[in-house]
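Report on one structure; see the data block that follows.
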Amino acid sequence: MVATPVDSIWTSKDIVTAVVATGLVTAAASWCVDLIKTWWSKRNIARYLAMRCATELERYAVDCWHVIHYGAWRVSGAPRHHRRFPATGS
């Protein structure tokens with residue numbers, strides 16, 4: 001049996017509604033994906049900056065340790081005959 005326009009399952013109104021609904025769902029999904037990508041990117045940037053800060057603080061602590069134990073002259077690379085440590089007089 002051949003379907004007549006009256007007997008058809010999809011009317012033009014149903015087709016337009018389906019197309020518009022599909023577009024809205026696609027736009028919402030795209031927005032959600034962009035939101036998640038932005039959040040993930042900011043999270044990775046924050047992790048990188050935290051690790052960078054931690055390594056710089058660690059380097060600063062090691063440099064301070066060297067100054068305390070070896071003196072500022074040895075760390076700064078002063079000539080050997082100028083290396084005088086005020087606390088020891090050497």
Side-chain angles (χ1 to χ4, degrees):
M1 175 177 199
V2 177
T4 61
V6 176
D7 293 337
S8 70
I9 297 173
W10 290 87
T11 63
S12 59
K13 181 181 177 183
D14 293 336
I15 292 171
V16 169
T17 303
V19 168
V20 169
T22 302
L24 291 175
V25 168
T26 303
S30 175
W31 181 77
C32 288
V33 168
D34 287 341
L35 185 67
I36 290 170
K37 282 182 180 179
T38 302
W39 173 77
W40 193 264
S41 174
K42 286 181 181 179
R43 183 175 162 219
N44 285 343
I45 290 170
R47 278 185 180 174
Y48 170 78
L49 290 176
M51 186 59 70
R52 176 78 179 176
C53 184
T55 55
E56 288 299 317
L57 288 173
E58 182 74 19
R59 186 175 61 87
Y60 179 73
V62 169
D63 288 346
C64 288
W65 184 86
H66 283 289
V67 169
I68 290 169
H69 289 285
Y70 297 119
W73 289 106
R74 191 171 293 175
V75 172
S76 66
R80 188 154 186 78
H81 63 280
H82 287 278
R83 290 185 187 157
R84 302 279 184 234
F85 303 114
T88 61
S90 59

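With hydrogens and angles disregarded, a donor-acceptor distance shorter than 3.5 Å links the side chain of T22 to the backbone of A18. Checked by atom type and distance alone, the side chain of S30 never pairs as donor or acceptor with a backbone atom of T26 at under 3.5 Å.
Cluster partners of V33, using a side-chain heavy-atom cutoff of under 4.5 Å among ILVMFWY residues and allowing indirect links: none. Applying the 4.5 Å side-chain rule to ILVMFWY residues, one finds Y48, L49 in the same cluster as I45.
W65 and L57 fall into different hydrophobic clusters, where Ile, Leu, Val, Met, Phe, Trp and Tyr residues are linked whenever their side-chain heavy atoms come under 4.5 Å apart, directly or through other members.
Within 6.0 Å of CD in E56 there are more than 12 heavy atoms belonging to other residues, nucleotides or ligands.
A side-chain donor from one of D14 and T11 sits under 3.5 Å from a side-chain acceptor of the other.
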